[in-house]
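All values reported here derive from a predicted model rather than from experimental measurement.
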2 protein chains.
Amino acid sequence: MSLPTTLFAGILPRNSVRRFISTHSRPTLPSIEYPLSHPIYTIWAANTSLGKTLVSAGLSTSFLSSPHRKFLYLKPVQTGFPEDSDSRFVYNKYSEFFSQNRPEFSVFASNHVLKASVSASEAVSVGGFEIERDKDMSCGNGVVNLGLYEESKLQGSEMKGFSKLVCKTMYGWKEALSPHLVAERENARVEDAELLGMLKGCLGSESESEKGEILCVIETAGGVASPGPSGSLQCDLYRPFRFPAILVGDGRLGGISGTISAYESLTLRGYDVVAVIFEDHGLVNEGPLSSYLRRRVPVLVLPPIPKEMSNNLMEWFQEALSTFHSLEEIMQSNFLERTSRLRNMPRKAHDIFWWPFTQHKLVPEENVTVIDSRCGENFAVHKVNNNVDLITQQFDACASWWTQGPDATLQIELARDMGYATARYGHVMFPENVYEPALECAELLLEGVGKGWASRVYFSDNGSTAIEIALKMALRKFLFDHKIVSDDLVAKNAESRVDLKVLALRGSYHGDTLGAMEAQAPSPYTGFYQQPWYKGRGHFLDPPTVAMRDGVWKLSLPQEIETLKPSLEDLTFSLRENIFKESRDTSNLADIYHSYIWKTLQLIIDSSGSTRTGALIIEPGKTLTYAQVSFWSFLPLHLFLLAHDSCFT
Amino acid sequence: MSLPTTLFAGILPRNSVRRFISTHSRPTLPSIEYPLSHPIYTIWAANTSLGKTLVSAGLSTSFLSSPHRKFLYLKPVQTGFPEDSDSRFVYNKYSEFFSQNRPEFSVFASNHVLKASVSASEAVSVGGFEIERDKDMSCGNGVVNLGLYEESKLQGSEMKGFSKLVCKTMYGWKEALSPHLVAERENARVEDAELLGMLKGCLGSESESEKGEILCVIETAGGVASPGPSGSLQCDLYRPFRFPAILVGDGRLGGISGTISAYESLTLRGYDVVAVIFEDHGLVNEGPLSSYLRRRVPVLVLPPIPKEMSNNLMEWFQEALSTFHSLEEIMQSNFLERTSRLRNMPRKAHDIFWWPFTQHKLVPEENVTVIDSRCGENFAVHKVNNNVDLITQQFDACASWWTQGPDATLQIELARDMGYATARYGHVMFPENVYEPALECAELLLEGVGKGWASRVYFSDNGSTAIEIALKMALRKFLFDHKIVSDDLVAKNAESRVDLKVLALRGSYHGDTLGAMEAQAPSPYTGFYQQPWYKGRGHFLDPPTVAMRDGVWKLSLPQEIETLKPSLEDLTFSLRENIFKESRDTSNLADIYHSYIWKTLQLIIDSSGSTRTGALIIEPGKTLTYAQVSFWSFLPLHLFLLAHDSCFT
């Protein structure tokens with residue numbers, strides 16, 4: 001008898017449908033949570049020195065042109081510090097701009113430096129800063145708490161209210177190199193979790209108890225994929241927050257390419273880029289860029305930045321003000337659209353979706369989970385608490401019902417691989433063709449989960465359909481092996497045809513297409529209302545089950561075996577792993593179960609009657625062992641084994 | 001009675017299974033064909049001025065270190081010409097390198113300029129060039145045939161054979177700006193089709209009747225996504241050939257980001273990047289780059305390029321030679337692996353695939369199509385002609401059996417969107433959740449194909465499963481509407497249960513899951529060997545059919561109508577479109593067909609017996625009109641309409 005030969009690749013359902021979402025924080029990264037009460041944007045650039053900080057400063061001049069507002073500027077990672085300080089630049093430029101324009105309100109402006117490497121802290125000139133030195137400034141890893149700040153009250157021409165400018169450098173390093181290099185050289189590495197934790201803290205504390213409007217920008221360092229202090233690429237580092245992005249492009253020769261590529265790197269990480277802005281170099285780069293973006297993302301052009309910084313750029317800021325107003329308007333309207341969309345999503349979903357496996361009346365609108373994105377094992381979800389919108393985190397404990405999502409790193413790699421495969425092949429039909437991804441996937445399956453028993457792969461598009469295909473194949477092979485020839489059958493009428501059955505486990509679940517349900521034992525799910533054509537075309541064996549009771553794992557056996565009174569120590573286990581040990585395949589209990597099956601099968605497997613058992617269905621929960629496969633090999637059946645998604649580990 | 005309310009989104013099968021692949025050339029782009037007898041690589045860069053041409057020249061020094069070889073260097077697009085000429089640079093540098101090293105063989109070296117803008121051609125100093133001026137040099141569009149070349153025989157220290165260096169500039173423009181700009185300014189635009197046609201010509205002519213080894217590199221202009229002369233981004237322009245890529249990265253500050261982004265732009269267009277190489281700037285950029293590439297793509301570092309070009313860079317080329325040898329080795333081994341893999345693919349596919357809808361014995365190995373990639377409506381396929389491997393083009397006339405692939409531009413956009421969605425969401429379960437792509441897709445469907453009749457969307461994962469879901473829903477709704485209560489039925493035995501049938505068209509096809517096949521009239525495909533559980537749970541109506549005979553479109557009617565002798569002019573059409581005109585919904589023939597259906601249904605639709613018609617299935621081949629939907633509304637059924645993929649136009 002030939003051993004099983006086919007591996008079905010498909011995402012197959014688990015035997016039990018489980019789902020629960022619970023709030024749970026990841027051990028490493030802080031729980032992601034931020035308010036949606038005001039816009040928060042990340043400023044990215046296609047390369048270094050393209051003017052991210054000018055854009056940040058420009059946005060402050062635009063936003064703080066009215067009272068009752070707060071502009072929050074965060075620079076998480078600053079190298080070349082203290083000589084270079086982008087937060088100080090924004091603070092200074094806004095202050096100068098204010099003095100020149102003297103609006104009818106006042107502004108409280110401040111600039112803070114929270115932490116720095118020891119080397120950078122030692123180089124701090126106490127110049128304009130007020131120092132708040134703790135007794136013990138060290139916070140480990142060569143980083144010290146600085147708590148430096150400078151502040152000023154900018155007096156307006158009249159007294160029509162106040163606004164605020166808050167600039168913060170989170171971490172400073174001394175050398176003017178890439179953060180991953182200086183963190184290493186200055187022996188002051190900052191882990192992603194720490195950095196994100198502080199960012200979250202800054203965003204939270206600065207938005208509390210504020211009455212007026214707030215605009216917040218977070219300025220990255222270098223290019224979109226420049227490494228952060230831990231070595232993680234910044235586009236990966238900040239991904240859990242997935243703040244909408246402003247991309248500062250490159251207006252120089254070659255800049256179209258760099259800008260498009262940077263845009264694609266952000267897109268390939270699930271960011272929404274709401275605007276592209278760059279300095280004019282007279283090359284009309286906005287033409288090809290707008291055309292590439294199909295005019296769905298606005299492209300703004302800033303006036304050329306004077307080479308000699310005479311006039312402290314004040315003329316330039318004045319000239320660029322209308323462009324910054326446009327940018328701010330885009331940011332504001334995108335924010336409002338996003339928030340309103342998120343708020344309306346549960347109602348819309350209720351109105352136009354039909355969810356599978358769901359009685360809609362049992363799902364009130366407030367129970368609908370609005371998933372804004374996913375990162376690692378967490379969903380970023382939208383909630384409204386006390387009428388305040390926020391993005392918060394929920395642990396994905398559902399394994400998406402049947403399939404576990406990838407971890408954060410793999411998710412990005414998967415996105416790249418999917419993009420690559422789509423770009424290379426588009427859509428290609430399969431029969432009589434061969435192409436790399438299909439072949440490579442088949443090879444991997446046969447060398448992996450299929451090793452030793454599978455020799456071919458049939459691709460299906462979901463678990464239920466895979467079962468249908470397997471049933472068709474198995475039944476046809478049975479008819480062929482047993483020389484039940486088609487012509488004989490066609491001659492007879494339908495009633496006298498051979499009735500082909502499937503050997504399966506009671507309580508098992510193989511999917512919800514009408515055919516797959518026939519291989520499932522009768523249950524509430526196979527009732528007339530659920531499947532009016534259901535006959536139950538199977539012989540269903542009783543499996544042993546396992547459950548934890550009073551802190552002990554206990555096996556329950558089918559009634560027929562129970563009467564054989566197996567010894568209690570064979571039935572109880574302190575560790576769950578012990579139940580699934582391969583050595584139990586030859587245990588006393590295995591013999592008992594073997595002979596129970598054997599006896600039951602004697603009654604079922606009939607080689608002459610009009611009812612015949614034509615297929616066996618097993619859906620392994622874990623990787624199959626060869627022993628498990630060969631256990632069934634005494635059956636006069638051609639075996640078709642279904643590879644469960646959890647086999648691919 | 002309520003009108004139909006649900007739209008099923010899924011890729012649904014066409015009524016007839018059609019497939020044919022024929023050779024066919026696109027009207028615009030030239031048919032893609034190139035030999036796989038030797039490696040052809042494209043040299044890309046993360047930005048301008050990163051040393052692509054140094055890498056090309058370096059490869060010539062490495063490859064032409066033995067006799068019986070030919071190095072072909074192609075520069076399709078050269079701006080700043082004739083002052084800048086990368087092909088001349090390669091020609092000169094190799095010649096100098098040869099003179100310094102004097103190997104034991106000779107080299108015939110030549111440099112050619114094929115075409116140029118009128119402005120560039122006027123600026124050519126006839127210096128080293130031999131001029132072959134045609135009487136009429138113009139080839140339209142402000143581009144002239146130049147046919148300039150310079151050549152020399154480099155004499156080796158001994159006479160152990162010959163090698164060849166052939167450098168070609170395909171098109172030159174005068175200004176040193178981006179190709180799309182200079183093409184416009186010099187009024188000398190070159191369309192993609194023309195450029196690719198010439199590239200194909202150069203590759204073909206230079207590989208003919210050569211005995212020894214050949215290595216060919218094609219050097220792009222600027223960065224990976226810099227526009228070409230037509231405005232198409234170069235990464236899109238060269239995509240039909242999909243030559244494997246060498247990426248010249250950026251070793252400077254910010255260069256990690258630019259290199260990664262450029263790599264991702266190439267990947268997002270289906271290119272295989274086989275190596276990354278860049279100039280050392282002392283920043284150890286290779287560390288993060290290798291880590292990002294997971295060491296799957298080698299990263300090579302070139303020695304710093306001297307600022308002052310004394311010594312004509314000869315010391316630098318000498319120092320870099322071992323790195324160029326490594327690069328060449330990577331290129332050679334990748335080429336051999338690729339070719340060998342392509343050659344073995346039909347056999348492997350035969351061994352380990354099970355294709356759907358295929359009798360494997362009828363597909364000899366030589367009939368298996370090896371699809372290397374797809375671009376627009378064409379496959380790039382691998383063939384072996386007279387024992388020579390080549391990549392050639394086949395038109396995808398199969399519409400991938402059931403779904404038409406996207407065009408070249410949309411294919412890339414689709415890849416980006418898929419990458420984005422995957423990166424943003426990974427894998428997320430659906431019930432009780434809502435997220436943007438699902439909601440947006442549902443909205444688009446309801447505002448598009450579902451407008452006026454559909455109010456909800458149920459997502460399925462393939463056409464067959466969509467049919468299964470629709471059947472379940474329709475039958476359940478019927479039972480509910482007709483107060484056939486579940487409990488009554490459970491009480492009775494299975495035999496006395498109501499037998500629910502589906503109203504369908506004879507000859508229609510709804511998929512191959514066991515349940516979907518029940519809604520299909522008996523045919524060879526529903527035989528006992530194909531579907532041993534098949535009962536045929538339908539009432540099947542005879543539809544009119546249409547065919548062209550003797551140059552005229554003729555309708556054939558079901559026999560019962562035929563006897564009513566409809567007039568001949570109602571049955572013949574000169575244009576196919578006329579058959580599907582909406583006005584025919586109220587024609588004489590429509591009335592006849594309407595009453596035929598009505599009569600047939602009188603016999604079928606029985607409101608009391610144990611056989612009941614619980615569902616109607618229609619799979620429209622084109623977009624549904626509201627009239628077509630309402631035509632069926634007299635039936636006491638809840639309608640579930642299935643949106644065909646071709647509806648989404």
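- Salt-bridge annotation for B/D372 and A/R424: present, with a side-chain N of the basic residue lying under 4.0 Å from a carboxylate O of the acidic one.
- Under the 3.5 Å distance criterion, the side-chain polar atoms of A/R456 are matched with a main-chain donor or acceptor of B/H350.
- The two residues A/F528 and B/V498 have their closest heavy-atom pair at CZ-O, 3.6 Å.
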Query raised in the report: Given the rule in the salt bridge (charged side-chain N to carboxylate O under 4.0 Å, His left out) test, do A/R242 and B/E436 qualify, once you have shown the distances and angles that lead to the verdict?
Result: CA-CA 14 Å; A/R242 209 188 68 89; B/E436 192 53 50; over 6 Å; no

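- For the set A/R294, A/H382, A/Q234, the count of heavy-atom pairs under 4.5 angstrom toward chain B peaks at A/R294.
- In this structure, A/E468 contributes its side chain and B/L514 its backbone to a donor-acceptor pair below 3.5 Å.
- The aromatic ring centres of A/F353 and B/F430 sit less than 6.0 Å apart.
- Rounding to the nearest 0.5 Å places CH2 of A/W533 at 9.5 Å from CG of B/D499.
- Only the backbone of A/N367 comes within contact range of chain B, with at least one heavy atom under 4.5 Å from a heavy atom of that chain.
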Query raised in the report: Hey, mind stepping through A/E264 and B/S265 against side-chain hydrogen bond (donor to acceptor under 3.5 Å, both in side chains) and telling me if it holds?
Result: CA-CA 7 Å; A/E264 292 182 349; B/S265 289; 2.7 Å; yes

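- The two residues B/G426 and A/R374 make their nearest non-hydrogen contact at CA-CD, 4.2 Å.
- Contact check for A/V370 versus B/Y435: no side-chain heavy atoms found under the 4.5 Å cut-off.
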Query raised in the report: side-chain contact (heavy atoms from CB on, under 4.5 Å) between B/L475 and A/Y529: does it pass, once the steps are laid out?
Result: CA-CA 8 Å; B/L475 297 178; A/Y529 252 39; over 6 Å; no

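- Of the atoms belonging to B/A176, it is backbone heavy atoms, and not side-chain ones, that fall under 4.5 Å from chain A.
- Looking at heavy atoms from C-beta onward, B/L283 lies in side-chain contact with A/L177 at the 4.5 angstrom threshold.
- Here B/S257 is the residue among B/S49, B/S257, B/S178 with the most heavy-atom pairs under 4.5 Å with chain A.
- The candidate with the highest count of non-hydrogen atom pairs below 4.5 Å against chain A, out of B/S261, B/S291, B/G515, B/G287, is B/S261.
- Heavy atoms of A/R252 lying under 4.5 Å from chain B are absent altogether.
- Nearest heavy atom pair, residue B/P356 against residue A/Y458, reads CB-OH, 3.3 Å.
- Ionic pairing of B/E440 and A/R341 is not present here: no N-O contact between side-chain nitrogen and carboxylate oxygen is shorter than 4.0 angstrom.
- With sequence neighbours excluded, the residues forming a side chain to side chain contact (heavy atoms under 4.5 Å, CB included) with A/Q530 are B/R476, listed by chain and number.
- Inter-residue side-chain proximity for B/W354 and A/V457 is flagged as unmet; no heavy-atom pair is nearer than 4.5 Å.
- A 4.5 Å side-chain heavy-atom check between B/T369 and A/V434 finds every atom pair outside the cut-off.
- When each of B/L233, B/N47, B/I412, B/D351 is scored by its heavy-atom pairs under 4.5 Å with chain A, the top score falls to B/D351.
- Put simply, of A/L439, A/T465, A/L414, the one with the most heavy-atom pairs under 4.5 Å next to chain B is A/L439.
- A/M345 touches chain B through backbone and side chain together, each having a heavy atom under 4.5 Å away.
- Side-chain atoms of B/T422 do not come within 3.5 Å of backbone N or O of A/A415 as any donor-acceptor pair.
- Counting heavy-atom pairs under 4.5 Å between each of A/G222, A/P227, A/G258 and chain B puts A/P227 at the top.
- Here the side chains of B/I256 and A/S226 are not in contact, with every heavy-atom distance at 4.5 Å or above.
- Nearest heavy atoms, B/A423 versus A/Q411: O-NE2, 2.8 Å.
- Between B/N433 and A/V368, every side-chain heavy-atom pair lies at or beyond the 4.5 Å cut-off.
- Of the listed residues A/T267, A/T48, A/N285, the one with more heavy-atom pairs under 4.5 angstrom with chain B than any other is A/T267.
- In this structure, the side chain of B/K472 engages the main chain of A/D512 through a donor-acceptor pair within 3.5 Å.
- Between atom CE of residue A/M418 and atom OH of residue B/Y420 there is a gap of 14.5 Å, rounded to the nearest 0.5 Å.
- Ranking A/Y263, A/Y534, A/Y425 against chain B, the residue ahead of the rest is A/Y425, based on heavy-atom pairs under 4.5 Å.
- A/E413 touches chain B through its side chain: at least one heavy atom from C-beta onward sits under 4.5 Å away, while N, CA, C and O do not.
- Summarising the geometry of B/E443 relative to A/I352, their closest heavy-atom pair is CG-CD1, 3.9 Å, with the distance given to 0.1 Å.
- The CG atom of B/L268 lies 12.0 Å from the CD1 atom of A/I260; values are rounded to the nearest 0.5 Å.
- Rounding to the nearest 0.5 angstrom, the gap separating the CG atom in A/N462 from the OG atom in B/S460 is 7.0 Å.
- When heavy atoms are compared at a cutoff of 4.5 Å, B/R239 approaches chain A solely by way of its side chain, counted from C-beta outward.
- Counting heavy-atom pairs closer than 4.5 Å to chain A, the top residue among B/T259, B/V284, B/L253, B/L410 is B/L253.
- Options A/G231, A/A438, A/C235 differ in how many heavy-atom pairs under 4.5 Å they form with chain B, and the most are formed by A/A438.
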